[in-house]
Amino acid sequence: MRLELAATVQRGRFTLQLEGIVTSGACGVFGPSGCGKSSLLGLLAGLVRPARGRVVLDGEVLDDIAAGLHVPTHRRRIGVVFQQGHLLPHLDVQANLRYGERLLALADRRVGFPEVVALLDLAGLLDRRSATLSGGERQRVALGRALLCSPRLLLLDEPLAALDGGLKKSILPYLRRAREAFDLPMLHVSHDLPELLHTCDDLLLLADGRIAAHGPLAAIASDIRLLPLLHEAGLVNVLRGTVAQLRPEDGITEVLLEGGATVQCPLRPDPVGTRLELLLRPGDIALAVQPVSGLSLQNQLAGTVRAVTSASDRVLVAVDVGQELLVEVTARTITQLGIVPGRPVGVLFKAMSVTGRN
């Protein structure tokens, strides 16, 4: 996906001024309430017209105010999944799924109905009315409907915000699965940073009606001006690896990380060889500048300090342990331990601080 933005959106007293180029297979959009996240998606979907400027997606001009050009929503081939799903209550699940598909010519249908039903585990729901569905089921149907429009871009407008924590965890794998199965570019809006990091490669941070940053989490976190926004969104590390060993007698799963380090997390049902993502909050990690023993911290990794970023009483230390790990410590710790870029350090954390997910 290549999205070129040079547009201004006016919503009452609020002005969203977008300048930049987004190139990413999957980009997570976040920022404080009222920063313009939903307005951005509305602009791309054609539901909101810019006051001035232009929007270009993969070489096609969608909006150009100076030229008097506006491609209507139904011709943009952009799928949208909203927070509440917005299913049609008088139709059953199968009819809801096929609602957008029926508007496509056969030659334009790149996503097949059987594939979507299988991917999202919808076979047992096809004859049910939308009013009888749970929140998680409604969102799976809404996602399936969007996929069956064979979109060139999928927009997710806080699709999990109305779900509780358990349902969120159950739906997240479907989002990732859909992206990978259909090689589908997406923009995913959420207040929840861990949620975005599960589905997206890059992040787009909006603040004060402008694009404040765009790129991988590590690059954004190196800007001290953005630390408060990252903390508000729930800054978390995502480490990728493979299940290497199960130790049920100890209640432990050992995970071999990309880069060679081994991490212990609470026992999981995943068999050896399963790909996992491990979530670890920066504040749950300690640093050491010499070998440590006699502690309950079962994970002790060797690393090298890559960067130190300070903002008031918060300091983020980026440590290379084969993957980049962000560690949050106090300014006093930095001074006492002499933490500077290039210094070898030990990274320590409890197994119980690590959350694993597929």
Side-chain angles (χ1 to χ4, degrees), residues 193-194 197-198 216-224 226-228 230-231 233-268 270 272 274-357:
L193 190 54
L197 293 173
H198 187 69
L217 172 62
I220 293 176
S222 66
D223 188 335
I224 62 174
L226 305 179
L227 286 185
L230 290 171
H231 278 270
L235 180 60
V236 68
N237 290 289
V238 179
L239 298 172
R240 294 176 172 84
T242 305
V243 175
Q245 184 180 359
L246 303 179
R247 291 164 41 193
E249 69 281 3
D250 298 324
I252 291 294
T253 289
E254 290 190 0
V255 179
L256 179 63
L257 299 181
E258 296 175 3
T262 299
V263 168
Q264 298 179 8
C265 70
L267 185 66
R268 295 178 53 84
D270 310 288
V272 171
T274 302
R275 295 282 300 163
L276 282 184
E277 290 183 337
L278 303 179
L279 305 185
L280 178 63
R281 291 179 299 185
D284 288 338
I285 307 172
L287 294 177
V289 293
Q290 52 187 316
V292 180
S293 61
L295 295 178
S296 63
L297 302 176
Q298 298 180 47
N299 291 304
Q300 300 190 30
L301 310 181
T304 303
V305 175
R306 190 189 63 78
V308 179
T309 305
S310 303
S312 64
D313 61 333
R314 294 168 175 164
V315 181
L316 275 184
V317 182
V319 182
D320 183 358
V321 294
Q323 298 180 52
E324 187 161 290
L325 198 61
L326 297 174
V327 182
E328 184 177 13
V329 295
T330 64
R332 182 182 181 186
T333 296
I334 297 297
T335 302
Q336 286 184 330
L337 299 184
I339 302 296
V340 294
R343 175 153 196 177
V345 293
V347 175
L348 303 85
F349 51 94
K350 296 180 180 178
M352 296 304 296
S353 297
V354 182
T355 302
R357 68 186 184 191

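We use all heavy atoms of the structure for the numbers below, so side chains are in, but hydrogens, waters and symmetry mates are not.
One N or O on the side chain of Arg268 and one on the backbone of Gly356 form a donor-acceptor pair closer than 3.5 Å. Remark: side-chain polar atoms of Gln323 are paired, donor with acceptor, to backbone N or O of Glu258 under 3.5 angstrom.
Here the CG-CD distance, from Leu230 to Glu328, works out to 10.5 Å after rounding to the nearest 0.5 Å. Note that CD of Glu277 and CG of Leu239 are 9.5 Å apart. Values are rounded to the nearest 0.5 Å. We find the CG-CG distance between Leu280 and Leu278 to be 8.5 Å, quoted to the nearest 0.5 Å. Rounding to the nearest 0.5 angstrom, the gap separating the OG atom in Ser353 from the CG atom in Leu297 is 8.0 Å. Here the CD atom belonging to Glu254 is positioned 6.5 Å from the OG1 atom belonging to Thr262, to the nearest 0.5 angstrom. To the nearest 0.5 Å, atom CZ of residue Arg240 and atom CG of residue Leu257 are 11.5 Å apart.
Between Asp250 and Leu267, every side-chain heavy-atom pair lies at or beyond the 4.5 Å cut-off. A 4.5 Å side-chain heavy-atom check between Val238 and Leu217 finds every atom pair outside the cut-off. Put simply, the side chain of Val317 reaches to within 4.5 Å of the side chain of Ile334, judged on heavy atoms. By the 4.5 Å heavy-atom criterion applied to side chains, Pro282 and Asn237 are counted as neighbours. When side chains are defined from C-beta on, Thr330 does not count as touching Gln336, because their heavy atoms never get closer than 4.5 Å. Between Val340 and Val308 there is no side-chain heavy-atom pair separated by less than 4.5 Å. Here the side chains of Val315 and Thr333 are not in contact, with every heavy-atom distance at 4.5 Å or above.
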(message) Run the side chain to side chain contact (heavy atoms under 4.5 Å, CB included) test on Leu348 and Val292 for me, step by step, so that the C-alpha distance in whole Å, both residues' side-chain angles and the decisive distance to 0.1 Å come before the verdict.
(response) CA-CA 9 Å; Leu348 303 85; Val292 180; 4.2 Å; yes
Working for side chain to side chain contact (heavy atoms under 4.5 Å, CB included), residues Leu235 and Leu316: CA-CA 11 Å; Leu235 180 60; Leu316 275 184; 3.7 Å; yes
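Summarising the geometry of Val236 relative to Arg281, their closest heavy-atom pair is CG2-N, 4.1 Å, with the distance given to 0.1 Å. Between Arg343 and Gly338, the shortest heavy-atom contact is NH1-O, 3.2 Å. Taking both residues in full, the closest heavy atoms of Val347 and Leu287 are given as CG2-CD2, 4.1 Å, listed atom of the first, atom of the second, then distance. Nearest approach of Ala351 to Pro266, heavy atoms of both residues: O-CD, 3.0 Å. Taking both residues in full, the closest heavy atoms of Ser296 and Lys350 are given as OG-CE, 4.4 Å, listed atom of the first, atom of the second, then distance. Scanning both residues, Asp223 and Thr309, for their nearest heavy atoms gives C-CG2, 4.3 Å.
Only one option out of Val321, Leu276, Asn299 pairs with Val263 in a side-chain contact (heavy atoms from CB on, under 4.5 Å); it is Asn299.
Open room surrounds CD on Gln290; 12 or fewer heavy atoms of other groups in view lie less than 6.0 Å from it.
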